[in-house]
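All values reported here derive from a predicted model rather than from experimental measurement. Proteins come first, then strands; the chains are lettered A, B, ... in the order of their sequence lines, and each starts at number 1.
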Amino acid sequence: MLDPEIYKSDDEVAWCPGCYNFAILRAVKQALAELDIAPHQVMFSSGIGQAPKLPHYLKCNLFNGLHGRTLPVATGLKLANHALHVIAEGGDGDGYAEGGNHFVHAMRRNAGVTYLVHDNQIYGLTKGQTSPTSDLGFVTATTPYGSYNAPEHPLALAVACDCSFVARGFAGDAEHLAGLIARAIAHPGFALVDILQPCVTFNQVNTYQWYKQRVYQLGSDHDPADRAAAFVKAMEWGDRIPVGVIYTNDRPPLESLLPQLAKGPLIDQDIDGGAREDLLARFR
Amino acid sequence: MVDLSIIVAGAAGQGMQTISAILAKALTRQGYYVHCSHDLMSRIRGGHNVTAVRISDRPVGAPAERANILVALDRDSIDLHAGDMVPDGVMVFDDKYKIQNEKLNLFPVPLEQLAAEHGRDKRMANAVACGAVFSLMSYDVDPLADTLGDIFSAKGDPVVEANIRAARAGYGFAEREFRGVCPYCTLHEQRAQPQRLLLLTGSEAIAYGALVSGVRFLSAYPMSPATAVMEYLAARQREVGGLLVEQAEDEIAAVNMAIGAAVAGARAMTCTSGGGFALMAEGLSLAGMTEVPLVVYVAQRPGPATGFPTRTEQGDLLFALHAGHGEFARAILCPGDAAEAVDAMARAFNLADRYQTPVIVLGDQQLGDCHWTVDTLDAGRVPIDRGKLRDTWDRSQGEYRRYQLSPDGVSPRLVPGKTGQVQYWDSDEHSEEGHITESADVRRQMVAKRLHKMKGLAAEALSPAVHDRGDDVALVGFGSSKHAVREAADALAGRGVKASAVHFAQAYPLHPDTAGLLGESLKVVVVEQNATGQFARLLHSETGIRPHGSILRFDGRPLTAQYIVDQYVALG
Ligand SMILES: Cc1ncc(C[n+]2csc(CCOP(=O)(O)OP(=O)(O)O)c2C)c(N)n1
Ligand SMILES: [Mg+2]
């Protein structure tokens, strides 16, 4: 196990005091340390929002791209260099609204990318608008009469897409969350961790207390390999909200299906250039 | 001198693409330069297709206005295209149609009957027609049979053999009935050395160019006329090694995936047409801000919106120039034929790597879908240059900073994971370290850094290629109009107009000497395939040159020399 302090970055933190992103930051550091991943061996791909600032506060490689586009960038990084640990990170708006299409297809593709979604059921950076995971009737600046749209259940969508690792964590329990993140990183295919994150500034409904009263840890009676049971757990939302590993399967990661990558990462294969007589012959 | 145009017309499904591909390849192997364009003159209802094969003893790169030989596979084609022929043109058609036409040489052949008797069924009429055309032009039948074998090899021996039998039947029939009467026997004319010549589409040239430039990753979403580039690379990805093609869920994903792969250190590209490129605009801006070497091949087709999906236009030039919010450096290359397409890709990857900014290669349906004959492609001409990319870091230089300021605006770039250093790439305005900043000073420095790259890009811009035939007028064009404009300049000489053709294979930035070069010409007329004169506007805004006139075409049809000459005369 490495010392979590080696991931400390000098960048000045721009989150609200008391933000649960600090707990997620701690959990990420702990997971990386537990897995002995050195800062240069991991690359984050993050979007835009409060959540995707997290990797700036870590000493690690980062591509901080556009709102909603974390997963395509992460896929490109992973396919070009599958020796890197690639972690995509963003908010619920970033991943489930702006990037919703990518989310579905990243799960189908199953490249070895870990996806951490800070799900505060609100848009934080833009100061409080409704999100795809906001509950019905949720009042925000853009939905003054309450949200009319049925909330998305990201984990149920993930199980439906046969995502190869589906988990939910709670930022109020950083220790448990760190364990989930470590398992997600160690998982060979695409791994989703949806993280319940109280937003202390803009979400006065889904507070720490709100989550605390509902969240319970899945026990050994839940078999993550049972897809039907996983679907039931993924849909459970209300008085009780399960956290833990909801679903896993052993679909091979995309990288393992590509013979081009058998010799090693794409980037390590020589760029020779020059005329290719074998290819030109077909034009004769 | 040989300059013949064969058009093959029929209903969709009668195999015009195949017949023209066979003729183009077989004639290239006879030592001719071939240019083959599809859908030319297809101006009537949906099901009617036309392809044109033009052959010459010197390089050709545009269709001819009038055809010498018409292969009409159905009754409609006879009526529709008889008027597109030169006087005394040759028409090959099925003898079940009873035709009278004093102006043309008629060669009725029992196409469907011979196909049914010798091939598999009457659908092999196209192979019979190929045989007949080969006989009319007095070539041996064996090379044609070999070509059929190569083209159909993937379909198995029975298909190959049936096609060859059908072609021999058509050849034999024409030998017996028409020996020596066709005016287009080119047997004794001069030609190139066949073994030197290659026949490929512009899309294949783009893809091959990317391949020999060391492309490692292509992500794209299918859209005509760019899909062929993706398909060529997809088909070769296992055979060439170290190449990966991923079909993305949309163009937004495509461009962002390519950016991810480029950041990881792979040469990466995407390809699309105007509509998909519109979806990529934010990603293009991201590449500009984060300083990612990204190559985008944009194959234009007529817009707006879905437009003419299978036709040609140059209507996205100013869109390519301005696509993406904010201000950042870019280059736009616009190859004029298949040989230039290979070079353009090699240059694009080098420029992208050296300036760490997006480079657009702007083609169109005419460039991409046409078959071109070229002399051997010498891709080694542009050596691979990856600029400041390194996989080692000397710690005595301190900690690595992704956006370290430097005189040329380009920072050292490290392969992530290789050096023990970490790197932050950021789409927000950022410090040298790559962290988010709100500082006004840093903002000024970073804007200047990114835009400074334009200086270097301009200094090594391609100079326009001048086909010098005098200085009455300069006919200026960019991209796929290259050969039509050249030919028009030659044709104008016959009318006493000393016209030079000036071809730009790079639209942005323009070569610094452009103003000097064109300023000397008395008269500048810009030829382009759009309705609003986009290149003329670019030329004016970049150089101050105000063209005397524009020759525009925006009906989706390819430019021909004749069209340009007629329009020039009409300009007065
Ligand atoms: C293309 C685009 N659209 C909109 C925005 C504005 N925007 C930035 S972050 C954000 C939503 C943030 O919410 P979320 O993703 O849930 O992250 P959080 O701040 O809650 O962590 C929006 C709408 C943007 N940056 N880019
Ligand atoms: Mg949020």
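With chain B as the partner, the residue from A/Met43, A/Lys263, A/His105 showing the most heavy-atom pairs under 4.5 Å is A/His105. Interface remark: of the candidates B/Val422, B/Ile436, B/Val263, B/Val422 forms the most heavy-atom pairs closer than 4.5 Å to chain A. In terms of non-hydrogen atom pairs under 4.5 Å with chain A, the most contact-rich of B/Val240, B/Val255, B/Asp428, B/Thr419 is B/Val240. The greatest number of non-hydrogen atom pairs below 4.5 Å with chain A, out of B/Ser431, B/Ala262, B/Gly420, is found for B/Gly420. Interface remark: of the candidates B/Ile259, B/Asp250, B/Asp391, B/Asp250 forms the most heavy-atom pairs closer than 4.5 Å to chain A. Each of A/Arg282, A/Lys78, A/Gln41 has some count of heavy-atom pairs under 4.5 Å with chain B, and the biggest count is that of A/Arg282. The greatest number of non-hydrogen atom pairs below 4.5 Å with chain B, out of A/Pro259, A/Ala281, A/Pro39, is found for A/Pro259. Ranked by non-hydrogen atom pairs under 4.5 Å with chain A, the options B/Ala253, B/Gly434, B/Ala268 are led by B/Ala253. The candidate from B/His371, B/Glu239, B/Arg386 with the greatest count of non-hydrogen atom pairs under 4.5 Å with chain A is B/Glu239. When each of A/Leu71, A/Asn101, A/Asn81 is scored by its heavy-atom pairs under 4.5 Å with chain B, the top score falls to A/Asn101. Chain B forms the most heavy-atom pairs under 4.5 Å with one residue out of A/Pro72, A/Ser45, A/Gly68, and that residue is A/Pro72.
A/Leu266 touches chain B through backbone and side chain together, each having a heavy atom under 4.5 Å away. In this structure, the portions of A/Leu66 lying under 4.5 Å from any heavy atom of chain B include both its backbone and its side chain. For B/Glu246, the part lying under 4.5 angstrom from a heavy atom of chain A is the side chain only. Heavy atoms of A/Arg108 lying under 4.5 Å from chain B are absent altogether. Looking at B/Phe349, neither its backbone nor its side chain comes within 4.5 Å of chain A, counting heavy atoms on both sides. For B/Glu438, no part sits under 4.5 Å from any heavy atom of chain A, backbone or side chain. With a 4.5 angstrom heavy-atom cutoff, B/Glu282 touches chain A via backbone and side-chain atoms both. Only the side chain of B/Val292 comes within contact range of chain A, with at least one heavy atom under 4.5 Å from a heavy atom of that chain. For A/Asp268, the part sitting under 4.5 Å from any heavy atom of chain B is the side chain, from C-beta outward, and nothing else. Heavy atoms closer than 4.5 Å to chain B are found in the side chain of A/Leu261, but not in its backbone. Looking at B/Thr290, only its side chain comes within 4.5 Å of chain A, counting heavy atoms on both sides. Residue contact with chain B, scored on non-hydrogen atoms closer than 4.5 Å, is absent for A/Pro265. Neither the backbone nor the side chain of B/Ala258 has a heavy atom closer than 4.5 Å to any heavy atom of chain A.
Checking A/Ser164 against A/His187 by side-chain atom types alone, a donor-acceptor pair falls below 3.5 Å. Side-chain contact of B/Asp375 with B/Tyr33: a donor-acceptor pair under 3.5 Å is present, judged by distance alone. Judged purely by distance below 3.5 Å, without hydrogens or angles, the side chains of A/His118 and A/Glu89 pair a donor atom with an acceptor atom.
Of the charged side-chain nitrogens involved, none lies within less than 4.0 Å of a carboxylate oxygen, so that A/Asp11 and A/Lys53 do not count as a salt-bridged pair. The residues A/Glu5 and A/Lys29 are annotated as not salt-bridged, no charged nitrogen and carboxylate oxygen being separated by less than 4.0 angstrom. In summary, A/Glu277 and A/Arg284 engage in a salt bridge, as defined by a charged side-chain N under 4.0 Å from a carboxylate O.
No cation-pi contact links B/Arg401 to B/Tyr403, judged by a cut-off of 6.0 Å to the six-membered ring centre and 45° from its axis.
The aromatic ring centres of B/His435 and B/His430 sit 6.0 Å or more apart.
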Exercise. Does the pair B/Arg29 and B/Asp150 meet the rule for a salt bridge (Lys or Arg N to Asp or Glu O under 4.0 Å), with working shown?
Worked result: CA-CA 12 Å; B/Arg29 287 176 175 185; B/Asp150 292 342; 2.6 Å; yes

For this session: List the steps, then state whether salt bridge (Lys or Arg N to Asp or Glu O under 4.0 Å) holds for B/Glu432 with B/Arg402.
Result: CA-CA 6 Å; B/Glu432 286 184 87; B/Arg402 172 67 195 98; over 6 Å; no

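Aromatic ring pairs are classed by plane angle as parallel below 30°, tilted from 30° to 60° and perpendicular above 60°; the pair A/Phe103 and A/Tyr96 is tilted. In this pair, A/Trp15 and A/Phe22 present their aromatic rings perpendicular. The plane angle is above 60°, beyond the 30 to 60° band.
For the atom pair B/Ser219 OG and B/Met269 CE, the distance stands at 9.5 Å (nearest 0.5 Å).
Paired with B/Val215 under the rule side chain to side chain contact (heavy atoms under 4.5 Å, CB included), one option of B/Leu244, B/Val295, B/Leu243 passes, and it is B/Leu243.
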